[in-house]
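Okay, so here's the structure we're looking at.
For the numbers below, each heavy atom of this structure counts, side chains included, while hydrogens, waters and symmetry mates do not.
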Amino acid sequence: MGDIKNFIKQYRGAIIGIIIAILILITNLQKLIIGIILIAIGAIIGNYVQQNKDIVKERLKNLIDRM
């Protein structure tokens with residue numbers, strides 16, 4: 001009994017993570033999570049391009065010239 005308690009204490013975070021992952025898979029929330037992540041990545045890239053227009057323009061020009 002003591003071994004089981006020690007195991008649960010040591011790997012409590014992993015066990016909770018596994019349970020949450022199983023619940024996400026069962027309820028198909030992974031589609032929503034992936035969508036939210038893609039929206040966030042798009043917003044970050046858009047903000048970077050807006051803040052660094054000249055750098056991005058130069059890199060795109062160099063990329064096109066290589067082709």
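Residue Asp54 qualifies as open at atom CG: its count of foreign heavy atoms under 6.0 Å is 12 or below. Crowding of Ile33 atom CD1: a count of heavy atoms from other residues, nucleotides or ligands under 6.0 Å exceeding 12.
Of the candidates Leu32, Ile39, Leu38, Leu32 is the only one forming a side chain to side chain contact (heavy atoms under 4.5 Å, CB included) with Ile36.
Between the side chain of Asn52 and the backbone N or O of Tyr48 there is at least one donor-acceptor pair closer than 3.5 Å.
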Apply side chain to side chain contact (heavy atoms under 4.5 Å, CB included) to residues Ile20 and Ile16 and explain how you reach the verdict.
CA-CA 6 Å; Ile20 291 173; Ile16 292 171; 3.8 Å; yes
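Taking CD from Glu58 and CG from Asn62, the interatomic distance works out to 5.0 Å, rounded to the nearest 0.5 Å. In this structure, the separation between CD1 on Ile15 and CD on Gln10 is 10.0 Å, given to the nearest 0.5 Å. Distance check, rounded to the nearest 0.5 Å: CG of Leu60 to CD1 of Ile55 gives 12.0 Å.
Ile41 places a side-chain heavy atom less than 4.5 Å from the side chain of Ile45.
Grouping the Ile, Leu, Val, Met, Phe, Trp and Tyr side chains by contacts below 4.5 angstrom, directly or via other members, places Ile37 with Ile24.
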